[in-house]
Amino acid sequence: MAFDKICVPENGEKITMGKEGKLNVPDQPIVTFIEGDGTGRDIWRASQRVLDAAVEKAYAGRRKIAWMEVFAGEKSWNMYGQDDDAWLPQETLDAFSEYLIGIKGPLTTPIGGGISSLNVALRQKLDLYTCLRPVKYFEGVPSPVKRPEDVDMVIFRENSEDIYAGIEWAAGSDEVKKVIAFLQDEMGVTKIRFPESSGIGVKPVSQEGTARLVRAAIQYAIDNNRDSVTLVHKGNIMKFTEGGFRNWGYEVAKNEFGAVEIDGGPWCQLPNGIVVKDAIADIALQQVLTRATEFDVIATLNLNGDYLSDALAAQVGGIGIAPGANINYTSGHAIFEATHGTAPKYADKDMVNPSSVLLSGEMMLRYMGWSEAADLILQGINGAIVAKTVTYDFHRLMEGATKLSTSEFGDAVISHMGASSEKAKPEDQYDELAERFKELFEAGAEKSSEFAQIAMEKARQQLTAAGAFSEEQGKNLKRFLERDFTQMANVMRDEAKEKFNPSRVGAGAMSSLSTLLNMAGSALSSIAERTQKAISCRSGEITSAGTLTCNACGHDLHFKKTGRVPPCPTCHATEFRKSY
Ligand SMILES: NC(=O)C1=CN([C@@H]2O[C@H](COP(=O)(O)OP(=O)(O)OC[C@H]3O[C@@H](n4cnc5c(N)ncnc54)[C@H](OP(=O)(O)O)[C@@H]3O)[C@@H](O)[C@H]2O)C=CC1
Ligand SMILES: O=C(O)CCC(=O)C(=O)O
Ligand SMILES: [Mg+2]
């Protein structure tokens with residue numbers, strides 16, 4: 001396709017959607033970007049540099065993003081002729097449509113008049129029906145709550161309907177008079193309190209729109225071994241829109257995922273144990289603060305999701321660190337963007353936190369299957385925060401921190417990529433190793449126990465090279481992982497496969513390993529049987545979730561997630577056997 005003002009990079013190739021819903025990502029993919037209005041300019045400059053550095057570091061020149069700038073907002077208005085169509089030119093939409101994946105900075109939306117939101121328009125025109133906003137705590141980030149580490153939620157915000165559809169008429173306009181007359185005369189509506197001076201908005205919520213969003217949320221929960229999906233709605237008041245969302249959501253769980261009602265419903269449970277429940281939006285906003293651990297994946301309507309994502313971000317450091325993605329899982333189209341806006345008072349001051357766009361970039365790299373580069377972004381941000389080198393928003397809340405500009409923070413992130421993370425917890429390192437092992441195994445064509453060993457060693461080497469742990473730590477972690485994996489494969493050979501249902505087995509490495517064992521089935525159960533001694537766990541070692549039984553006194557220790565094995569609390573012996 002020929003464009004007018006958009007330059008297609010000569011050295012890049014298109015990302016395409018494969019037949020089985022899997023993206024084909026070449027080594028030099030063309031990725032579209034909009035730098036954004038206001039602070040978007042500062043943030044994008046720093047972010048592009050960090051993303052390029054992560055890719056370069058991870059793939060040593062073998063892979064490189066061919067960036068293609070497309071235009072929207074103030075920059076576009078000035079370039080494309082300063083008329084109404086110039087805010088979001090058709091060729092920008094065409095480029096996103098053709099090149100599948102993009103990333104954007106924030107765009108300004110005037111209040112109470114003027115153009116409709118360009119951000120919302122992009123989502124609607126490309127039918128990016130899921131707004132995915134993960135909310136997770138980074139060690140060391142200042143937070144207003146006592147236990148920010150309890151917050152690990154993923155919001156699936158419906159992105160194409162609701163009051164955000166933009167169907168509304170201004171008070172006093174001819175259109176609103178017509179609508180009010182229709183409501184009163186044809187529909188018998190008597191509840192419009194001040195008909196002469198009311199503006200009217202319309203809130204469409206459909207079964208199809210709800211179903212595809214809830215389907216994506218449940219599928220995500222299954223793929224990522226999450227415990228629950230909560231449908232957040234205000235269905236007690238808006239019965240046929242928000243109430244419809246809740247009812248249709250439960251129908252998807254039951255009809256498409258085989259959920260059965262718990263204690264007469266409406267809560268229900270998938271065969272793998274994931275609970276699908278609902279909560280009314282007002283109390284949900286309180287409980288995400290007071291009982292954070294009870295929320296995991298959240299599926300909600302557009303406006304609720306907008307409020308909820310900013311509110312939740314506050315618990316883990318604010319919108320300066322809150323990423324997001326707008327995705328159509330069927331077509332593969334995706335635009336990654338921060339949760340925050342243009343923060344105009346800081347525009348062009350090289351001051352704000354670029355982490356939201358950086359982490360949106362991290363989500364994008366992972367979506368492209370470039371997880372090594374994505375890991376480096378996480379590692380770089382973690383490293384900069386732990387070193388207390390941060391932008392103004394964190395600096396004002398942290399003792400003894402150094403204040404950096406946006407671009408300096410970008411430099412700090414780059415400098416922490418690939419550095420040894422001495423402060424990382426061994427249990428997190430172990431989980432990371434298990435997850436990488438699973439990814440490599442999944443990506444390979446062969447599904448044998450020999451290949452499992454190769455994939456495990458490759459995972460160790462990759463993560464050592466990326467600085468996730470030292471050579472020695474990596475060897476130890478691999479030994480523990482090998483032990484747990486062999487032990488699980490042995491159990492799998494002897495007992496029911498359902499034991500390794502990912503949602504039953506607990507968090508962290510255990511979920512990765514169980515997914516892997518379920519996927520590879522009997523091929524892996526041929527792993528060489530080892531003696532009980534070789535697969536027992538000792539105090540001081542790291543192990544995945546499960547039950548450890550003291551060899552000396554029979555005392556049981558229950559691990560819900562990966563952890564370090566303590567001495568037996570009853571008899572102080574140090575050797576345990578494991579079960580699930
Ligand atoms: N997807 C998009 O493009 C979005 C666009 N918008 C648009 O952005 C414009 C401004 O909206 P507004 O309501 O002011 O919300 P903003 O998100 O732009 O800013 C609100 C406040 O959040 C903090 N903040 C925002 N971004 C950062 C950052 N990167 N680093 C650190 N702190 C940050 C600042 O807090 P403090 O003052 O305390 O330092 C800022 O004043 C509007 O036109 C709105 O429509 C809004 C949301 C999303
Ligand atoms: O489009 C806008 O201006 C605001 C959108 C918004 O707040 C969001 O997507 O979270
Ligand atoms: Mg918002």
Side-chain angles (χ1 to χ4, degrees), residues 33-47 72-76 87-88 102-125 128-133 135 141-142 144 155-160 162-166 300-314 316-327 335-361 381 385 390-398 403-410:
F33 75 92
I34 294 173
E35 67 176 18
D37 297 331
T39 48
R41 293 183 283 273
D42 291 331
I43 293 175
W44 179 251
R45 205 176 314 114
S47 300
E74 287 153 20
K75 187 169 185 178
S76 160
W87 292 106
L88 183 55
I103 182 165
K104 67 176 275 293
L107 295 167
T108 304
T109 313
I111 301 166
I115 55 162
S116 308
S117 164
L118 304 171
N119 309 302
V120 172
L122 275 167
R123 299 168 195 167
Q124 288 177 344
K125 286 188 192 284
L128 306 173
Y129 62 83
T130 293
C131 180
L132 178 61
R133 291 187 167 172
V135 190
V141 168
I155 300 171
F156 276 71
R157 163 187 173 190
E158 205 291 321
N159 221 11
S160 67
D162 197 2
I163 204 76
Y164 264 68
T300 191
L301 299 98
N302 210 333
L303 182 62
N304 296 338
D306 196 0
Y307 294 158
L308 199 56
S309 52
D310 277 26
L312 275 174
V316 294
I319 47 179
I321 195 164
N326 305 290
I327 305 178
I335 301 182
F336 296 80
E337 68 174 335
T339 299
H340 63 69
T342 53
K345 66 184 174 190
Y346 299 123
D348 301 315
K349 292 191 173 156
D350 195 24
M351 188 171 162
V352 295
N353 192 342
S355 297
S356 305
V357 169
L358 285 176
L359 290 168
S360 304
I381 293 179
I385 293 170
V390 291
T391 43
Y392 85 94
D393 50 328
F394 287 4
H395 178 261
R396 67 189 169 191
L397 300 169
M398 273 166 112
K403 183 156 88 172
L404 301 184
S405 65
T406 311
S407 45
E408 287 168 342
F409 183 76

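By convention here, the first residue in the shown sequence is residue 1. Both ligands and their constituent atoms are indexed starting at 1 by order of listing.
Remark: the D350 side chain and the S407 side chain contain an N/O donor-acceptor pair separated by less than 3.5 Å.
Counting heavy atoms under 4.0 Å from ligand 2, residue E337 does not touch it at all. Of the heavy atoms in R133, only side-chain atoms (C-beta onward) come closer than 4.0 Å to ligand 2.
Considering S117, A347, A343, G317 only, the shortest heavy-atom separation from atom 40 (C) of ligand 1 involves A343. Proximity annotation for atom 33 (C) of ligand 1: of Y346, Y392, F394, F409, Y392 comes nearest, heavy atoms only. Checking L118, T342, V120, N119 against atom 2 (C) of ligand 2, the nearest heavy atom belongs to N119. The closest heavy-atom contact to atom 44 (C) of ligand 1, among the options I34, T109, I43, comes from T109.
For atom 12 (P) of ligand 1, the nearest protein heavy atom lies 4.0 Å or farther away. Within a 4.0 Å radius of atom 9 (C) of ligand 1, the protein has at least one heavy atom.
Summary of contacts: the protein heavy atom closest to atom 7 (C) of ligand 1 is L107 O, 3.6 Å. Among protein heavy atoms, the minimum distance from atom 30 (N) of ligand 1 is reached at N353 N, 3.1 Å.
In summary, the atoms of ligand 1 found under 4.0 Å from a heavy atom of V352, numbered by their order in the structure, are 28 (C), 29 (N), 30 (N). Set against the non-hydrogen atoms of R123, the atoms of ligand 1 under 4.0 Å away are 1 (N).
Note that OG of S47 is 11.5 Å distant from CD of E35, once rounded to the nearest 0.5 Å.
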